[in-house]
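Report on the structure given below.
No experiment lies behind these values; they were computed from the predicted model shown. Heavy-atom basis, side chains included; hydrogens, waters and symmetry copies ignored.
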Amino acid sequence: MKKNVKQASGAQSDKKARRGFNFIDVILILLVLMIIIAAINIFSPMSIIKNLTADNTHTIEYTVEILGVDKEYIELIEANDAVVDSVSKYSLGKVAVVKNDTQYSVLEYSEVDKAGVLAIYQDKYNLEVTITAECKYNAGEGYSVNGKRIAVGEKLYLRFPDFTAEGYCTDLSINA
C-alpha cells in the first residue's frame with residue numbers, strides 16, 4: 001500500500017511540472033512587452049509618437065555662398081531653378097535670388113612685402129544663392145530638407161539644372 005501512495009504523489013508532481021503556459025501567462029508577457037515598448041518610445045529621441053504628433057514643418061530661406069565662379073558660368077543659375085543635393089539626389093528647394101556682385105579675392109603672402117596681400121581675380125565672382133524650401137525641424141538636430149541638414153556653416157553640394165557647385169550656408173531664416 002505504501003507503494004501506491006508514493007506513486008500517487010509522484011503523479012501529482014508530474015502534472016504540476018508539465019503544466020506549461022496558460023492564458024494568464026500570455027497576458028502578463030504581453031503587458032510587460034507593451035510597457036517596455038512604451039518606455040522606449042517615450043524616452044527615445046527618435047520617438048514615433050513625438051514625430052507623429054508634432055507639426056514640425058516650416059518654410060525656410062537659406063543662403064549658400066559659392067566662391068570663385070568663372071564669369072562665363074554666372075548666368076547658369078537663375079531664379080526658380082530646382083536645387084538638388086548632388087550627393088543624395090534629393091531636392092533641396094528652389095532658387096529665390098542669385099547675387100553675383102562680389103569679386104573673388106584671396107589673401108596671399110607676398111615675399112616682396114613680407115605681408116599678406118589681397119589678390120582680386122577680375123574674371124571670378126562669389127555667388128550668394130538664396131534657396132526656399134519646405135523643411136522639418138527636429139529638436140537636437142535642427143532643420144533638414146529631405147534628410148539633408150541645413151545650418152549656418154554647413155557645407156552643401158548643390159546641383160542646378162546647368163551647374164554644379166559646393167558652398168557653405170551663410171544665412172538661414174524661417175518664414176511663417
Rounded to the nearest 0.5 Å, what separates atom [atom1] in [X] from atom [atom2] in [Y]?
X	Y	atom1	atom2	answer
Leu158	Leu92	CG	CG	6.5 Å
Ser91	Asn146	OG	CG	6.0 Å
Asn126	Tyr104	CG	OH	7.5 Å
Ile29	Met34	CD1	CE	13.5 Å
Leu33	Ile37	CG	CD1	6.0 Å

Requested in this report: Any salt bridge (charged side-chain N to carboxylate O under 4.0 Å, His left out) involving residues 60-78? Give me the pairs, sequence neighbours left out, ordered by first then second residue.
Outcome: Asp70-Lys124
Query - Residue Phe160 excluded, over 12 heavy atoms near CZ under 6.0 Å - result: yes
**Report entry** Residue pair Val97 / Thr63, side-chain heavy-atom distance below 4.5 Å
**Finding:** no
Query raised in the report: So, do Tyr137 and Tyr143 have ring centers that fall under 6.0 Å from each other?
Result: yes
Query raised in the report: Any donor-acceptor pair under 3.5 Å linking the side chain of Asn22 with the backbone of Ile24?
Result: yes
Query - Heavy-atom donor-acceptor pair, Asp85 side chain to Ser88 backbone, under 3.5 Å - result: yes
Query raised in the report: Which pairs pass side chain to side chain donor-acceptor pair (under 3.5 Å) with one or both residues in residues 148-166, sequence neighbours excluded?
Result: Arg149-Glu154, Lys155-Glu166
